[in-house]
K.L.:
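Before anything else, here's the structure in question.
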Number of protein chains: 2
Amino acid sequence: MLYAGFMSTAPPSSPTPQEPVDHPELLQLGTTLEGDEPCLRADAARNRARLLEAAGRLVAERGAEAVTMEAVAAEACVGKGTVFRRFGDRTGLLTALLDHSEKKFQAAFLGGPPPLGPGAPPVERLRAFGCAMLRRSTDDLDLQLAAEPGANRRFVAPARRVLRHHIEMLLRQAVPDADCDLLSHALMGQLDPALIHHLSRQCGIPLARLEAAWVDLVDRVTGAGATCR
Amino acid sequence: MLYAGFMSTAPPSSPTPQEPVDHPELLQLGTTLEGDEPCLRADAARNRARLLEAAGRLVAERGAEAVTMEAVAAEACVGKGTVFRRFGDRTGLLTALLDHSEKKFQAAFLGGPPPLGPGAPPVERLRAFGCAMLRRSTDDLDLQLAAEPGANRRFVAPARRVLRHHIEMLLRQAVPDADCDLLSHALMGQLDPALIHHLSRQCGIPLARLEAAWVDLVDRVTGAGATCR
DNA sequence: ATGAGATCCGGACCGAGGTCCGTTTAACGT
DNA sequence: ACGTTAAACGGACCTCGGTCCGGATCTCAT
């Protein structure tokens with residue numbers, strides 16, 4: 001249990017009361033954000049609760065896409081500015097809504113019983129982890145999608161389809177007995193432009209290492225490379 | 001070369017002149033979209049060219065994020081409605097801008113010389129494909145990012161970081177000699193909520209198959225399962 | 001050439017996310 | 001109690017993506 005302090009998704013920390021941050025995406029990068037609620041003022045805490053409750057009501061009654069910042073503000077009898085100050089942006093609000101189930105899940109794989117929690121061999125824990133995530137996704141999936149703008153379109157873009165089909169075709173030749181349709185998505189994920197940007201420009205990982213990682217991934221997936229691993 | 005007709009990314013096809021489509025994301029799902037320019041009217045073609053040129057100018061001069069629909073319209077001396085009718089939405093416009101290099105790339109891996117094109121063994125082609133994509137991304141990466149709303153934030157969301165760190169830790173135990181940092185991204189990709197949504201709800205793939213694919217992926221990546229593949 | 005009709009154009013309009021700043025109010029020391 | 005101050009509030013305001021429809025324009029058959 002190494003990083004027990006990193007757990008919280010950052011609803012109350014993005015627009016932290018310390019300094020008026022103008023670029024919320026920059027700070028939640030390195031901050032440790034330990035205490036969940038950094039001692040909000042009484043009215044602030046009250047409004048925060050009101051807002052979350054109002055947002056939850058809206059989701060329940062009219063679906064995730066009805067969660068408009070103005071609608072939430074109105075439902076909570078609060079000014080629009082308050083919503084943004086507290087949650088930063090729409091994604092922040094939705095993320096805060098997801099926070100509860102998120103934490104429960106984190107607790108399960110960080111400290112719960114095996115095979116999800118510690119105690120089982122790592123490969124078994126990996127298997128369990130993925131299956132747990134898959135099952136969890138069936139619950140609050142629309143909320144998670146709504147929290148990520150443009151999530152629907154990502155996998156229907158024609159260009160992407162061509163690339164994935166190509167990978168799938170090659171996979172079918174290399175490992176005919178596998179579920180190449182689904183396997184190809186894993187490979188595609190490693191080539192996602194957003195990921196490449198994040199790794200190469202934000203993390204400073206050199207191209208050579210990315211290429212090496214790709215080749216290694218291909219070898220592992222297809223069973224090439226070492227004859228026996 | 002199975003699907004030579006699928007190649008074009010769909011700039012002129014989304015708001016095709018045939019029928020006034022109100023939901024552009026729905027149609028480019030099953031359509032075959034063969035002819036690139038379905039015989040636009042003269043003025044329409046002229047404006048389309050103008051708009052692409054204007055958008056290109058804006059990207060070159062002021063970066064991808066300056067490509068506002070209104071700005072493009074103004075730069076091209078054209079009404080805003082025209083931009084939307086032609087390209088559907090902002091993503092469509094940016095995609096159309098990327099179309100040229102996209103097609104070049106597609107031609108390279110569909111019909112070019114090995115190892116990228118046909119002729120080499122599939123595993124080798126896969127390796128080459130990934131490396132080519134990685135290199136290609138360094139060129140028009142900002143454009144590709146701009147074409148996908150919210151692409152920057154996707155990998156800095158705190159919740160995601162925790163999940164990925166967990167995978168990475170388990171991977172480190174299972175395959176200590178691998179580049180677990182990067183490998184974990186591939187596994188994370190397979191659990192992306194947007195992907196799950198696409199596969200399970202849009203493609204109708206049952207949960208059991210997704211779970212099986214995940215377990216298989218873990219086994220392949222970690223070298224578990226069969227002792228020798 | 002010309003008229004009919006489909007197609008396209010343009011910009012007013014709308015909704016929603018996000019910002020700003022003058023005003024209000026909770027917290028705390030005296 | 002009361003004054004001070006930092007923080008929170010609220011809603012007007014801005015920008016931008018996306019829609020709509022009356023009017024201009026192109027195409028084609030005659």
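Proteins get letters first, then strands, A, B, ... in listed order; numbering begins at 1 in each. These values consider heavy atoms only, across backbone and side chains, with no hydrogens, waters or symmetry-generated copies.
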K.L.:
Which comes earlier along DNA chain C counting from the 5' end, the contact point of R41(B) or that of R50(B), where each point is its nearest nucleotide?
P.N.:
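Its nearest nucleotide being more 5', the pick is R41(B).
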K.L.:
Give a yes/no answer on whether the side chain of N47(B) brings an N or O atom under 4.0 Å of OP1 or OP2 in dC8(C).
P.N.:
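Negative; the distance criterion is not met.
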K.L.:
Run the salt-bridge test on R136(B) and E102(B) with the 4.0 Å N-O cut-off and return the result as yes or no.
P.N.:
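Salt bridge flag = yes for E102(B) with R136(B).
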K.L.:
Specify the separation, in whole Å, of atom CG of L40(A) and atom C1' of dT25(C).
P.N.:
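It works out to 14 Å between those atoms.
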K.L.:
For DNA chain D, which residues in residues 62-79 of chain A have a heavy atom at a distance below 4.0 Å?
P.N.:
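Those residues are V78(A), G79(A).
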K.L.:
When you get a sec, tell me which of dC26(D), dG18(C), dC9(D) is the closest nucleotide to the side chain of D89(A)?
P.N.:
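So the side chain of D89(A) is nearest to dG18(C).
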K.L.:
Establish, yes or no, whether the cationic atom of R125(B) lies under 6.0 Å from the six-membered ring centre of F109(B) and within 45° of the ring axis.
P.N.:
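No - R125(B) does not lie over the ring of F109(B) by the 6.0 Å and 45° rule.
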K.L.:
Do you see a donor-acceptor pair shorter than 3.5 Å between the side chains of T82(A) and N47(A)?
P.N.:
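No, no side-chain donor-acceptor contact under 3.5 Å.
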K.L.:
Between R172(B) and D181(B), does any side-chain N to carboxylate O distance fall below 4.0 Å?
P.N.:
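No, R172(B) and D181(B) are not salt-bridged.
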K.L.:
How close or far is atom P of dC20(C) from atom NZ of K80(A), stated in whole angstroms?
P.N.:
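Between P of dC20(C) and NZ of K80(A): 14 Å.
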K.L.:
Take atom CZ of R85(A) and atom C1' of dA6(D), then tell me their distance rounded to the nearest Å.
P.N.:
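Rounding to the nearest Å, CZ of R85(A) and C1' of dA6(D) are 13 Å apart.
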K.L.:
With respect to the phosphate group of dC9(C), does any side-chain polar atom (N or O) of R86(B) fall under 4.0 Å of OP1 or OP2?
P.N.:
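Yes.
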K.L.:
Just how far, in rounded Å, is P of dG17(D) from CZ of R90(A)?
P.N.:
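From R90(A) CZ to dG17(D) P: 17 Å.
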K.L.:
Under the rule for side chain to side chain donor-acceptor pair (under 3.5 Å), what residues qualify as partners of T138(A), not counting sequence neighbours?
P.N.:
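Result, side chain to side chain donor-acceptor pair (under 3.5 Å) vs T138(A): none returned.
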K.L.:
Mapping R46(A) and A42(B) onto DNA chain D by nearest heavy atom, which one lands closer to the 5' end?
P.N.:
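First, find each residue's nearest nucleotide; the 5'-ward one identifies R46(A).
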K.L.:
Checking D142(A) now: which residues fulfil side chain to side chain donor-acceptor pair (under 3.5 Å) with it, not counting sequence neighbours?
P.N.:
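D142(A) satisfies side chain to side chain donor-acceptor pair (under 3.5 Å) with no other residue.
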K.L.:
Expressed as a whole number of angstroms, how long is the span from F84(A):CZ to dC9(D):P?
P.N.:
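Rounding to the nearest Å, CZ of F84(A) and P of dC9(D) are 15 Å apart.
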K.L.:
Starting at CZ of F87(B) and ending at P of dC8(C), how long is that distance when rounded to a whole Å?
P.N.:
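So the CZ-P distance, F87(B) to dC8(C), works out to 13 Å.
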K.L.:
Give the nucleotide from the list dG17(D), dG18(C), dC9(C) with an atom nearest to the side chain of T82(B).
P.N.:
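Closest of the options to the side chain of T82(B): dC9(C).
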K.L.:
For R209(A), is the CZ atom crowded, meaning more than 12 foreign heavy atoms sit under 6.0 Å from it?
P.N.:
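Yes, enclosed.
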